Protein chains: 2
Amino acid sequence: MFINLDFESNEPIYQQLVHQIIEGIARKELLPGEGLPSVRSLAADIGINLHTVNKAYQQLKQDGFILIHRQKGVVVNPDGVPKADDSFKNQLNKNLRPLIAESICRDVSEEEFLKLCSTIFETYKGGST
Amino acid sequence: MFINLDFESNEPIYQQLVHQIIEGIARKELLPGEGLPSVRSLAADIGINLHTVNKAYQQLKQDGFILIHRQKGVVVNPDGVPKADDSFKNQLNKNLRPLIAESICRDVSEEEFLKLCSTIFETYKGGST
DNA sequence: ATATCTGTTGCAGTAATGGTATAACAGTTA
DNA sequence: TAACTGTTATACCATTACTGCAACAGATAT
């Protein structure tokens, strides 16, 4: 499994789980229709509680990343993740704003900022590794 | 005062305070050397506890945005905010990553993402309003 | 039918966090 | 001396993150 948690982080475990699975989808390591481990097995796998995994799955389901067939298990959304709507773009804007504000204060140029973003985008293109 | 808090938000009050002050500095509404209200008066002003304001100020001080002369009050760093170091850029990278990952999943192109960032940058250029 | 897998739900307990309240201390300034 | 500043301490409450144990409901395989 590609899950790698940092129990020392102040980022909640369930949130880390959500991010890592989204990363997996973004870099095409997790393909539409692909199955994910059950809440119990994944919990046992990484040594955390069933509820913590369930919370992550619930959020991913809520956001359309995965589907949960009651007894068949968890599956990456076969139709692909729902495309960005206004709500998402709004949220994105809201999240980016403070990062950009602080960057400006710290003399990070727009050019440099955009370059950093591009660099990150790159890391999601070369699917292998 | 330009402080505008949302008590319904799940973003902590002290964090909102931090962000708004950073925004103020970023858009040059708060200039280097400019004084900020005391913890008590600001707390009374927006109807929150002294400790909450203090927590925000402490974080801003920690990050070099403001200076606190023991009895003279709080002042926007006259030497300007410390420029971005590796630690900051690292943090920035870490914060941007999940936003970009989800954007990719939701079919937001790199171009569109960068454009959004540019749009946000623009809002910090026209200092007036 | 029975056993076993699945997600889901409930309740309880611990620890940490965010916020409030009251109070006091230590310097500075008027 | 009085009034202001930031700072610190203690206590309290609500919420959140996480854990643990347990049970329920539906599907599947034997």
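It should be emphasised that the depicted structure is a prediction, and the values quoted were computed from it without experimental measurement. In what follows, every chain begins at residue 1, and chains take the letters A, B, ... in the order their sequences are listed.
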S.K.: State, yes or no, whether a side-chain contact exists between A/L96 and B/F113 at a heavy-atom distance under 4.5 Å.
M.R.: yes
S.K.: Could you check how far CG of B/L42 sits from C1' of D/dT5, rounded to whole Å?
M.R.: 14 Å
S.K.: What is the separation between atom CD1 on B/I48 and atom P on C/dA21, rounded to the nearest whole Å?
M.R.: 11 Å
S.K.: Go through the N and O atoms of the side chain of A/N49 and the base of D/dG20, and report whether any donor-acceptor pair is under 3.5 Å.
M.R.: yes
S.K.: Which nucleotide in the list D/dT7, C/dT8, C/dG19 gets nearest to the side chain of A/I68?
M.R.: C/dT8
S.K.: Counting C-beta onward and ignoring hydrogens, is there a side-chain heavy-atom pair between A/Q16 and A/D6 closer than 4.5 Å?
M.R.: yes
S.K.: Determine whether any donor atom in the side chain of A/H69 lies under 3.5 Å from an acceptor atom in the base of C/dG7, or the reverse, and answer yes or no.
M.R.: no
S.K.: When you check the phosphate oxygens OP1 and OP2 of C/dG18, does a side-chain N or O of B/Y14 lie under 4.0 Å from one of them?
M.R.: yes
S.K.: Closest heavy-atom contact between B/N95 and B/L99?
M.R.: O-CG, 3.7 Å
S.K.: If you round to the nearest 0.5 Å, how far is CD1 of A/I68 from CG of A/N77?
M.R.: 11.5 Å
S.K.: Is there a donor N/O on one and an acceptor N/O on the other, under 3.5 Å, for the side chain of B/H51 and the base of C/dT22?
M.R.: yes
S.K.: How close or far is atom P of C/dA12 from atom CG of A/L50, stated in whole angstroms?
M.R.: 18 Å
S.K.: Counting only side-chain heavy atoms from C-beta out, which of D/dT7, D/dC18, C/dT8 sits nearest to A/I13?
M.R.: D/dC18
S.K.: Nearest-Å distance, CG (B/L60) to C1' (D/dG6)?
M.R.: 15 Å
S.K.: Kindly say whether B/F65 contributes a backbone atom to a donor-acceptor pair with the side chain of B/D63 at under 3.5 angstrom?
M.R.: no
S.K.: Among the nucleotides D/dG6, C/dG7, C/dG19, which one has an atom lying closest to any side-chain atom of A/V74?
M.R.: C/dG7
S.K.: Rounded to the Å, how far apart are B/F7 CZ and C/dG18 C1'?
M.R.: 13 Å
S.K.: Does C/dG18 have its OP1 or OP2 closer than 4.0 Å to a side-chain nitrogen or oxygen of B/T52?
M.R.: no
S.K.: Taking CD from B/Q62 and P from D/dT7, how many angstroms apart are they, rounded to a whole number?
M.R.: 12 Å
S.K.: D/dT7 phosphate, OP1 or OP2: any side-chain N/O from B/N54 under 4.0 angstrom?
M.R.: yes
S.K.: For DNA chain D, whose closest nucleotide is more 5', that of B/Q58 or that of A/G47?
M.R.: B/Q58
S.K.: Can you check the B/N10 CG to D/dA17 C1' distance for me, whole Å?
M.R.: 15 Å
S.K.: Can you identify which nucleotide, out of D/dA17, D/dT7, C/dT8, has its nearest atom closest to the A/V39 side chain?
M.R.: C/dT8
S.K.: Please check if the number of heavy atoms outside B/Q62 that lie under 6.0 Å from its CD is greater than 12.
M.R.: no
S.K.: Taking atom types as they are modelled, would you say the side chain of B/R40 forms a donor-acceptor pair with the base of C/dT22 within the 3.5 Å cutoff?
M.R.: no
S.K.: To the nearest Å, how far apart are B/Q59 CD and D/dG6 P?
M.R.: 18 Å
S.K.: Looking at D/dG6, C/dG10, C/dG18, which one has an atom nearest to any side-chain atom of B/K55?
M.R.: C/dG18
S.K.: Classify the nucleic acid contact of A/Y57 as base, sugar-phosphate or nothing, counting any heavy atom under 4.0 Å across all strands shown.
M.R.: nothing
